[in-house]
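Note sheet for the following structure.
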Amino acid sequence: MSSSEDDTPLVKGRTENGVKSQDRIPRAVDEDMDKQLPSNGHVEPGVSIRMGPVEEMEVDPPAATNATGKRKARSSLTNGRTYKEESSSEDDKPINKRRRTSQQTKKAAPQDSDDEASDVPLVAIRKPPKVTAAQIGESSDSDTPLTEKLVKDKEKIEKAAAKEAKSIRSKEKAPPKRKQKVESESEDDVPLVAKKKPAPKRASNGVKKPKVESDSDVPLAKKAPAKKANAKGKAQAATPAKKGKAKAKAEQKTEEDNEAQEEEEEYRWWEDPGQGDGSKKWSTLEHSGVVFPPEYEPLPKNVKLIYDGVPVTLHKDAEEVATFYGSMLNSTVNVENPTFNKNFFEDFVAILDKTGHGKDKDGKTVKIKKFEKCDFKPIFEYFDAERAKKKALSAAEKKALKAEKEADEAPYMYCMWDGRKQKVGNFRVEPPGLFRGRGEHPKTGRVKKRVVPEQITINIGKEAKVPEPPAGHNWKEIKHDQTGTWLAMWQENINGAYKYVMLAANSDIKGQSDYKKFEKARELKKHIDTIRKDYRRDLKSEKMADRQRATAIYLIDQFALRAGNEKGEDEADTVGCCSLKYEHVTLKPPHFVIFDFLGKDSIRFYDEVQVDPQVFKNLKIFKKAPKTTGDDIFDRLTTSALNKHLNNYMAGLTAKVFRTYNASWTMARLLREMKVTGSIPEKVKEYNDANRQVAILCNHKRTVAAGHAGSIEKMQEKINGLVYQVWRTKQMMIDIDPKIKKKRGADFFARPEELDNEWVLQHIDALVEEQRQKITKKFEKENEKLKADGEKEMKPKELDERLKVAEDLGKKMRKEHKTGKVEAEGKGPTVEKMEANIEKLNQRIETMKVQMEDKEGNKEVALGTSKINYIDPRLTVVFSKKFNVPIERFFSKTLREKFDWAIKSVDQDWEF
DNA sequence: CTATGTTAATCAGGGAATTTGAA
DNA sequence: CTTCAAATTCCCTGATTAACATA
């Protein structure tokens, strides 16, 4: 921690704007942040001005701390209310964020009480932009704060339990289904064997077939039986009685197959102490190179781009670009993006200029000048039809096609890495197309060119046979770089980015780095206290650079921000911690901060949090005039400086480790606190809830499904229908026993307000319509049958007759609604029976409500990313073992493969 | 800047869950 | 009313590749 270095003014400071923050924070600033500073409050580097004891710095008015203030601040949070009620923007806030706020504010331990408000005029508080409506979706949330919902989790479970239990029952009751599933599973696994089997066959015509494949294949098959007993024993041990017999058996079988294969050569690298400490990643490496996408197939003669009403013939290369666009007309995200269209058209015209423009049917040149005059519809329709054709193929044909493709690609799917067979990840060269940069990427829509072998560098063992480039071509270069983990590489034409062919996630090498990642995060545990202590101290450092750094680490640690490297002009304008700009952080006295910015992938990060008063103060300083919109908040901090500092605490510690650490730590805590006693589905739900909290912490989002609003509405309608049914049943009670009205009170029998007259009438109409539809459908079907049997059809009059049932229903219900009297239904109706019915209905209403809330709260949270990248898989394995839930409930097949090391390496006492 | 890994959302396809229909 | 199968909807997975972090 060489402070002199931190001290040095950074070249990178935003001096262009004349905005330069002072190296040191003059006391005056801290005490009176209002006071304008000279824009060049620059102090000679190296001349350390001691500003007196740190304590003095916090003697600012707000720092007149006391325990009361502290408690006050806390309590106002704990119930998650005080702040919420003040928050004018609450309704605009995404639902998951609300939960986040309440949960996270708790995290930020307030230290000093703070009446900063009096101290400084408020920085303008921005409301969250309305733009976000789409992202946020219609917050149909009631006024129930989600905090409360969290607290009510237990209740939820109980309610959900009914449903879940049902689903178990149905599962257990349906052996055929299960069997089917098992079969398909085993079928799924078989190809693993089969996949490799066709390979040798193909070798004869493929020529390229490396002997690697067959080498590994043969012994596998031979040795397999030896392991069987072992595998069987394991499978049984791991999955005690719980499982249905059929399933257990089938699974055992497939696992056998798998394990027989995998385990044969299994290298339990996580038990190998000397593993992976050098930079040399392999000694021998054999592989077959890459698969190129198919050549462009010209459109049929009758399918053409139409320009200005004229069908035009294009040169093959230009036509290909036209098809890139034409085939994606249904992708509104792109086609309606002006930048996308502009970029595409620019590149399209460039190609046309090179290859010649279009020709009409007489061979006359048609110059393509205006995007608006291009009509790609015929091309789109052609592709659409092709897609449909493919879809319409019979299952057998599809299977055959798939098998063929697999056979062709088989040689590329695996490589030999230090003699062990390993799966390759992305062995297919990315096909040409239009670049789909996310967010407002300035280059979105540009043509991503076809990659030729001459661009591709191959990395392979010295002794290995170099894969043949396609006929008539050469590789760019052959390397034998043992420090690299890639097999092939090329540079893409849009951003000049490097693309690597590497091993699959389930490979040893990837597993090892995954393992190391989590071990590193675990190691952070040992240092986190020191780090936190230090940054809290440095929040008050008199050196601007230190103070900024401390503040940044605080944010990264507390709110899981990313590091935030600087970005170039031709990239989407997104930020992380170090690149936060003036407008991304809004201060809201006394010590709330609103973050609102676009993070990685242009995903919005919006959060209102409570921060340490000193952090609040610091941010205010960092935002001080003359800084304004567009200026860096951390103008004296770079990610590399930050990481360099972190590295002092622990080798290899960087900003991103905090995300891993906090995510896994959070998960560990949640799982530890969990004492579930319920059924397996209940436990799974609990796990998922914890997973969700981590996802929220990391701000992992997904786009709201297209039909989401609709399905929520549908659910709400269903609930309302049930509520109405409850009302009807209650009236039946009166019908049976008029005296009961007095006994139970009028309130009990009142129709809930949300079901107003208009709604009821509409509801009745809907019910009637539903009935009519049903009856009509049935009628038509019967008629069809009669016709098929050669008998004469029923007359339309018959239908009318039948439809009367529906009409009668409508009449009856409208009358009920008008009079408020409902005749008791069912045989031998009694008050008790009605009560029971109501109970049942209410039960259903409750479960549906829970379901709906879950769905709503989930609509934009993606659980997968945290599960794949942030949550130490060993936590899940431990949970699975401890609570006796099969790991399959948490990890899909691919994840089980990826986390093989975790599944095999821990027992239930392991801790993160 | 270059190079190499890691993390991330999206999309299409398919399997699972649910509903519907018929016996 | 139950059961079973077909139809439909829903949701998860896996593949893809962009976008980040880091040295």
Side-chain angles (χ1 to χ4, degrees), chain A residues 163 166-167 170-171 173-174 176-178 180-181 184-185 188 279 281 328 330-331 333 387 390-391 395 398 402 425-426 428-431 433 435-439 441 443-444 448 457 459 481 483-486 489 491-492 494-500 502-505 509-510 513-514 516-517 562-568 571-572 574-576 578-579 599-603 639-640 642-644 646-647 652 654-657 659-660 698-703 705-708 710-711 714 774 777-778 781-782 785 855 858 860 862-866 868-870 891-895 897-898:
Chain A
K163 177 204 144 209
K166 198 171 131 198
S167 81
S170 70
K171 258 182 223 157
K173 254 198 250 169
K177 230 180 209 171
R178 270 223 167 172
Q180 231 174 9
K181 191 196 157 201
S184 78
E185 242 176 37
D188 227 44
S279 59
K281 305 288 179 18
M328 61 194 295
N330 53 350
S331 166
V333 229
R387 269 191 287 260
K390 222 179 202 170
K391 214 173 167 184
K398 277 185 198 161
K402 204 177 156 193
N426 53 329
R428 293 183 198 92
V429 174
E430 292 176 14
F435 176 71
R436 294 157 89 134
R438 303 199 248 270
H441 198 296
K443 293 189 173 179
T444 192
K448 185 164 120 176
T457 303
N459 193 32
D481 179 3
T483 68
T485 65
W486 50 277
M489 180 210 82
Q491 209 169 0
E492 146 261 31
I494 306 275
N495 301 299
Y498 296 89
K499 300 283 187 161
Y500 293 88
M502 293 189 197
L503 297 196
I509 192 72
K510 291 285 188 185
S513 69
D514 219 27
K516 279 186 203 153
K517 175 183 76 185
R562 294 190 181 83
N565 281 295
E566 286 300 317
K567 295 193 73 187
E571 296 174 89
T574 63
V575 299
C578 294
S579 46
K600 182 175 180 180
D601 291 305
S602 294
I603 296 296
T639 51
S640 56
L642 181 91
N643 285 335
K644 204 167 160 191
L646 290 175
N647 200 54
T654 60
K656 75 190 273 279
V657 180
R659 264 167 83 82
T660 315
C698 295
N699 200 42
H700 291 141
K701 294 195 184 167
R702 57 174 180 177
T703 49
H708 176 79
S711 72
K714 222 165 138 187
K774 253 187 194 166
K777 232 175 167 179
K778 194 174 176 188
K781 238 182 180 163
E782 280 181 25
K785 201 179 172 193
K855 194 168 186 166
N858 247 344
E860 55 174 10
L863 302 192
T865 306
S866 50
I868 294 169
N869 298 301
Y870 288 101
F891 291 156
S892 69
K893 187 170 157 240
T894 35
L895 275 191
E897 284 168 11
K898 169 172 167 147

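Each chain gets a letter, A, B and so on, in the order its sequence line appears, and its residues count up from 1.
Residues A:Asp481 and A:Arg659 both approach DNA chain B. Their nearest nucleotides, taken by heavy-atom distance, put A:Asp481 toward the 5′ side. Summary of the strand contacts: A:Thr485 and A:Ser331 both lie near DNA chain B, and taking for each the nucleotide with the nearest heavy atom, the more 5' one is attributed to A:Thr485. Where A:Gly437 and A:Ser640 meet DNA chain C, the nucleotide closest to each residue was compared, and A:Gly437 sits on the side nearer the 5' end. Comparing A:Asn643 and A:Phe435, the nucleotide of DNA chain C nearest to each residue sits closer to the 5' end for A:Phe435.
Using a 4.0 Å cut-off, some side-chain N or O of A:His700 falls inside it from OP1 or OP2 of B:dA8. Within the 4.0 Å cut-off from OP1 or OP2 of C:dC20, not a single side-chain nitrogen or oxygen of A:Lys656 is found. A sub-4.0 Å separation between OP1 or OP2 of C:dA23 and a side-chain N or O of A:Thr654 is absent. Note on A:Thr574: every side-chain N or O is 4.0 Å or more away from OP1 and OP2 of C:dA19.
Listed nucleotides: B:dA8, B:dT7, B:dC11. Nearest to the side chain of A:Lys517: B:dT7. Residue A:Asn565 has its side chain nearest to C:dT22 when only B:dT7, C:dA18, C:dT22 are considered. Closest to the side chain of A:Arg438, from the set B:dA9, B:dT6, C:dA23, is B:dA9. For A:Thr703, counting side-chain heavy atoms from C-beta on, the closest listed nucleotide (B:dT4, B:dA8, B:dT10) is B:dT10. Here B:dA8 is the nucleotide among B:dA8, B:dT6, C:dA18 with the atom lying nearest to any side-chain atom of A:Tyr870. Nearest nucleotide to the side chain of A:Asn869, out of B:dT7, B:dC11, C:dA19: B:dT7.
Between the C1' atom of C:dA18 and the CD1 atom of A:Ile494 lies a distance of 11 Å, rounded to the nearest Å. Rounded to a whole Å, the CD atom of A:Glu566 is 11 Å from the P atom of C:dA21. Between the OH atom of A:Tyr500 and the P atom of B:dT7 there is a distance of 17 Å, given to the nearest Å. Atom CG of A:Asn699 and atom P of B:dA8 are 10 Å apart (whole Å). The interatomic distance linking A:Lys600 (NZ) with C:dT22 (C1') rounds to 13 Å, in whole Å. Rounded to whole angstrom, the span from the CG atom of A:Asn495 across to the C1' atom of B:dT2 amounts to 15 Å. Between A:Arg562 atom CZ and B:dA9 atom C1' there is a gap of 11 Å when expressed in whole angstrom units. Atom CG of A:Leu863 and atom C1' of B:dT7 are 16 Å apart (whole Å).
Remark: A:Lys510 engages A:Met502, A:Ser507 in a side chain to side chain contact (heavy atoms under 4.5 Å, CB included) (not counting sequence neighbours). Every residue two or more places apart in sequence or in another chain that forms a salt bridge (charged side-chain N to carboxylate O under 4.0 Å, His left out) with A:Lys517 is listed here: A:Asp514.
A:Lys398 places a side-chain N or O within 3.5 Å of a backbone atom of A:Lys391 that can act as its donor or acceptor partner. Between the side chain of A:Asn647 and the backbone N or O of A:Thr654, no donor-acceptor pair lies under 3.5 Å. Checking side-chain atoms of A:Glu860 against main-chain N and O of A:Lys701 turns up no donor-acceptor pair under 3.5 Å. At least one donor-acceptor pair closer than 3.5 Å links the side chain of A:Lys281 to the backbone N or O of A:Thr483. In this structure, the side chain of A:Ser579 engages the main chain of A:Gly564 through a donor-acceptor pair within 3.5 Å.
Counting any heavy atom pair closer than 4.0 Å across all strands shown, A:Gly864 reaches no nucleic acid atom. Within 4.0 Å of A:Gly576, counting heavy atoms only, lies no atom of the nucleic acid at all. At the heavy-atom level, A:Gly707 lies nowhere under 4.0 Å from the strands shown. Counting non-hydrogen atoms under 4.0 angstrom, A:Ala572 reaches nothing in the nucleic acid. Using a 4.0 Å heavy-atom cutoff across all strands shown, A:Lys898 reaches no nucleic acid atom at all. Using a 4.0 Å heavy-atom criterion, one finds that A:Thr483 contacts the sugar-phosphate atoms exclusively.
No donor-acceptor contact under 3.5 Å links the side chain of A:Lys499 to the base of C:dT17.
The neighbour count for A:Lys567 NZ, taken as heavy atoms of other residues, nucleotides or ligands under 6.0 Å away, is above 12.
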TODO: Take nucleotides 7-16 of chain C nucleotide by nucleotide from the 5' end and write B, S or -, depending on whether a protein heavy atom sits under 4.0 Å from the base, only from the sugar-phosphate, or from neither.
DONE: ----S-SS-S
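Here the CD atom belonging to A:Glu430 is positioned 3.5 Å from the NZ atom belonging to A:Lys499, to the nearest 0.5 angstrom.
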